[in-house]
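Below: the structure, in structure tokens.
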Amino acid sequence: MAGRNFLFVPGPTNIPDRVTRSMVIAMEDHRSSKFPELTRTLFPDLKRVFGCAEGQVFIFPSSGTGAWEAALANTLSPGDRVLAPRFGQFSHLWIDMMQRLGLDVQVIEVEWGEGAPEDKIGEMLRADNAHRIKGVMVVHNETATGVASDIGAVRRAMDESRHPALLYVDGVSSIASMDFRMTEWRVDLAVAGSQKGLMLPAGLGIVCASEKALAATKTAKCARVFFDFADMQRANVDGYFPYTPSLPLLYGLRTSLDMLFEEGLEQVYARHHRLAAGVREAVGAWGLATCCRHPRWYSDTVTAVMVPEGINGAHVVDVAFRRYNLALGAGLSKVAGKLFRIGHLGDLNEMMLLGALAGTEMAMADVGIGIEFGSGVGAAQDYWRRTDPVPKRRVAHSEVVYASHSTGSINA
Ligand code: PLP
């Protein structure tokens, strides 16, 4: 199909051309004396993105799932009790991994569309007088439902119950796109992947561990080899890895971090926040609801749109892809067919999203959802014009200087 594919799944995200170019490199010796010049910059800069002032960051050649496993296996022992709310496919999969690693998981079942229940977490921790619960695991941004939990509130609930459990947070679809304050929230293990806010291909699983988490590795008995923090620590201290790292991904990471800092992390978060709000305006104008049940949990990186009774959300996704070259996210497991998802994270702006919203309107109409063309697009346009955070971008027409003459030298 001619033209670009419009990639609006909530990861992998669009890779900026500058990042792509920086990954086209000749292979080099990852044991050379020069290699640490690259890697030594990555560790502190990644910690900035995690909002982490202490502890250590680990870069594994894996996807986010590997980073989940690294966080668990390095800090827990088989039979350890952990507490985890389940409110979407990713919290479900993480719980499934915990069970398969032999952990004793106390699952808090939550309606899909709601966030982590900090009150319930606090209540269960208070009831655990013997402090058998070793960890609380929360998915910050549940990509399946477009729900962002309040990690600061989870931390407060843990503090109020005076419980020493470690706090594990999956930030795979939030870190580098949404405000994340690892040290302030005293998150002990935070997990990210390269293919979302970091605007890279999949292939890096990143874990940031607090000092308390690093101390827990000394007694943790879960088996780990490839994901062993200790092996990483021994090599990373000199800027190396215990095995062959993906050089293109590390060079790409250098560029994506540069781009995030050039824009400014605060601006990156504000941009995601504003783009997400515009998408929700569009959904409201279509007369549809989001899966997210309350504004306090609105996600800035993905919106899950409920489809009307009798319509299959997967049909919208398929038609959008086949007819309009637009990739939307499908509903997963429990919400399969009931919704479709618009990913709005990474390297994107209003114009790109307007294309996605226009294509979504066409696909929805094609499958029989009665919407007025332009209603969502118009609502988003209106919102983004009203809320432009960079007033200097608005230039009065009389001030516009552009090449209005077709003759003469541009340098004249
Ligand atoms: N956690 C969340 C919140 C995710 O969105 C995903 C993937 O989309 C994962 C974990 C798993 O990451 P990966 O697919 O990179 O293994």
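All residue numbers in this chain count up from 1 along the given sequence. Both counts, for ligands and for their atoms, begin at 1 and track the order of listing.
Two residues are said to be in side-chain contact when any heavy atoms from C-beta on lie closer than 4.5 Å; Q106 and V82 fail this criterion.
No part of V191 comes within 4.0 Å of ligand 1, judged by heavy-atom distances. At a heavy-atom distance under 4.0 Å, only side-chain atoms of V172, from C-beta outward, approach ligand 1. In W68, the part holding a heavy atom less than 4.0 Å from any atom of ligand 1 is the side chain.
Ring to ring, Y243 and F226 are close: their centroids are under 6.0 angstrom apart.
Close to ligand 1: Q195, with a non-hydrogen atom less than 4.0 angstrom away. For K196, the heavy-atom gap to ligand 1 drops under 4.0 angstrom. Contact between G193 and ligand 1 is absent, with no heavy atom of the residue lying under 4.0 Å from the ligand.
Identified under the ring pair (Phe, Tyr, Trp, His ring centres under 6.0 Å) test for residues 14-35, with sequence neighbours left out: none.
With no hydrogens or angles considered, a side-chain donor-acceptor pair links S174 and H140 at under 3.5 Å.
Judged by the 6.0 Å distance and 45° axis criteria, R48 is positioned over the aromatic ring of F261.
Each of the following atoms of ligand 1 lies closer than 4.0 Å to a heavy atom of N141: 3 (C).
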Side-chain donor-acceptor distances from residues 291-299 under 3.5 Å, at least two apart:
{"residue": "H294", "atom": "ND1", "partner": "R296", "partner atom": "N", "Å": "3.0"}
{"residue": "R296", "atom": "NH1", "partner": "E118", "partner atom": "OE2", "Å": "3.3"}
{"residue": "R296", "atom": "NH2", "partner": "E118", "partner atom": "OE2", "Å": "2.8"}
{"residue": "S299", "atom": "OG", "partner": "N141", "partner atom": "OD1", "Å": "2.8"}
{"residue": "S299", "atom": "OG", "partner": "T301", "partner atom": "N", "Å": "3.0"}
{"residue": "S299", "atom": "OG", "partner": "T301", "partner atom": "OG1", "Å": "3.3"}
{"residue": "S299", "atom": "OG", "partner": "V302", "partner atom": "N", "Å": "3.1"}
{"residue": "S299", "atom": "OG", "partner": "V302", "partner atom": "O", "Å": "3.4"}

